[in-house]
Protein chains: 2
Amino acid sequence: MLERIPAYTDAMLDEAGTLSDRVYRHLADRLIAGRFAPGDKLSLRAVSEALGLSIMPVREAVSRLAAEGALEVAPKKAVTVPLMRAAQFRDITQVRVEIEGFAAALACKANSPESLARIEAREREFRELSEQPQADLAQAVAANQAFHFAVYRAAGSAELLAIIERLWLRVGPIINLDLRENPERLRLGGAVQAHRACLSAIRENRPDAAREAIAADISGASAFILSRQRLLD
Amino acid sequence: MLERIPAYTDAMLDEAGTLSDRVYRHLADRLIAGRFAPGDKLSLRAVSEALGLSIMPVREAVSRLAAEGALEVAPKKAVTVPLMRAAQFRDITQVRVEIEGFAAALACKANSPESLARIEAREREFRELSEQPQADLAQAVAANQAFHFAVYRAAGSAELLAIIERLWLRVGPIINLDLRENPERLRLGGAVQAHRACLSAIRENRPDAAREAIAADISGASAFILSRQRLLD
DNA sequence: GGAAGCTAACTGTGATCACAGATTGCGGCA
DNA sequence: TGCCGCAATCTGTGATCACAGTTAGCTTCC
């Protein structure tokens, strides 16, 4: 059965594409949003029953997510959300700094009024959320994600966006687990500050500054998580 | 049936992991090596029969490759090797320049005697192959790939390597199709020159130069392919 | 009371069958 | 001779069944 994620039945599927596609999106969204924690187990049969399907579409969806490293499937054993070693997390952080930083710099150059407006809106939403004394963590995670992807989308590169999505698929469970256990980090405002710096860099067309801001945001969160020693090794 | 790739039966599978895994590696290797051309169709049943399996493992393998964009599968239609638009190719090239360039720079910093020796060996093999008047194209493609991945492997980042592999999965069919139609490009020596520059940059610990060399190699090949107008749009 | 061992339930993997939509090629008509 | 249309075949999708290895819980014995 599903561990730590009992409320699975409330989940409905979108209505686009094949059943496999829908299950894939369903699981991927939950992974990025941090609805799963590292080490969580799920079973093909349990998921398929909860969703009212046969296990076939679930199999394909899980298989794809496993190919992307978002899930781990060992033969004859339950599917698990991967645990991550500190070294691996450092590695992925370094890659994220480079790639997401690049996307931010591109977003600067491609700067259009519409995408700038979208980024501003997301920045404001996240800032207002973190200023609340009792912020809803799930909302905050979603708002943070929305801001980042507004920036990355503004870069105008579908390839880059797909790569970044896959990276978030991997780090989603970890970042969320961290924030859930350390809600005070939200109030420290490191993220808010980085977002603001990124926004003004994009406004003023300074690609290097935008890259730096995103890099600082990612590195800051990563350093905090690593300092908490919740990862293997 | 398989178009343009009649000799499918000669292919054997490796012996590791589940059947799905083996089929995946089998198809992925052939995609990277350029054994498929854009637009090629393949059928789950044809592949499974050629490999002597049921269609289940093939389904899963194809499903994973489709998730990575290496294959396209439209419901009720044959699986195809994706055609690529010029704009998309430009996009992917820009991403490759950034990411593979970054990997080359990392390889510089991580510089170990063993990996340097491996890179040198691959550089020599590719150079000698291109100097031959009647070079075997398939061999040359493989040698080029071997050189690049020797560099990327030296970067010491598993995450980066996985991302780059996925990128090559996408561009493999196109690069190979190009080289097959323009074998003279090999003799022009742009690649040989870039490889040599990259190698000495790594030897002399100059990350920016290594990045530049890889970027020049990728951009050069990309510009040539785009100039040939074989892509859509 | 506690630990070891066995059994029953659960795991993913693979094969086979059924189905609906797409494709293709052949036959007939103009 | 050339084109249109129908039918047989091929496509991926999904469900169900069988199987072998894993896991976990219960019983039994010390």
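Order of the sequence lines fixes the chain letters, A, B, ..., with proteins taken first and strands second; residue numbering starts at 1 for each chain. Just so you know, these numbers come straight off a predicted model, no measurement behind them.
Residues meeting the salt bridge (Lys or Arg N to Asp or Glu O under 4.0 Å) test with E114(A), sequence neighbours left out: none. Listed by chain and residue number, H195(A) satisfy the ring pair (Phe, Tyr, Trp, His ring centres under 6.0 Å) test with F147(A) (two or more places apart in sequence, or in another chain). For E68(B), there are no salt bridge (Lys or Arg N to Asp or Glu O under 4.0 Å) partners, not counting sequence neighbours.
Distance L71(A) CG to dT11(C) P: 15 Å, rounded to the nearest Å. Separating the CG atom of L42(B) from the P atom of dT23(C) is a distance of 16 Å, rounded to the nearest angstrom. Spacing between atom CD of E49(B) and atom C1' of dT11(D) amounts to 13 Å, rounded to whole angstrom units.
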What N/O pairs connect the protein and nucleotides 13-17 of chain D at under 3.5 Å? Give each pair on its own line.
from: dG14(D); atom 1: OP1; to: L19(A); atom 2: N; distance (Å): 2.6
from: dG14(D); atom 1: OP2; to: S20(A); atom 2: OG; distance (Å): 3.1
from: dG14(D); atom 1: N7; to: R59(B); atom 2: NH1; distance (Å): 3.1
from: dG14(D); atom 1: N7; to: R59(B); atom 2: NH2; distance (Å): 2.9
from: dG14(D); atom 1: O6; to: R59(B); atom 2: NH1; distance (Å): 3.4
from: dA15(D); atom 1: OP2; to: S54(A); atom 2: N; distance (Å): 3.2
from: dA15(D); atom 1: OP2; to: S54(A); atom 2: OG; distance (Å): 2.3
from: dA15(D); atom 1: O5'; to: S54(A); atom 2: OG; distance (Å): 3.3

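Using a 4.0 Å cut-off between charged nitrogen and carboxylate oxygen, R25(A) and D21(A) do not count as a salt-bridge pair.
Here ring-ring contact (aromatic ring centres under 6.0 Å, His included) pairs that include residues 150-178 of chain A, with residues two or more places apart or in two chains, are H148(A)-Y152(A), H148(A)-W168(A), F149(A)-Y152(A), F149(A)-W168(A). For residues 69-87 of chain A, the pairs satisfying salt bridge (charged side-chain N to carboxylate O under 4.0 Å, His left out) are R85(A)-D233(A), with sequence neighbours left out.
Among the atoms of the strands shown, only primed sugar atoms or phosphate atoms (P, OP1, OP2) are found under 4.0 Å from some heavy atom of V79(B).
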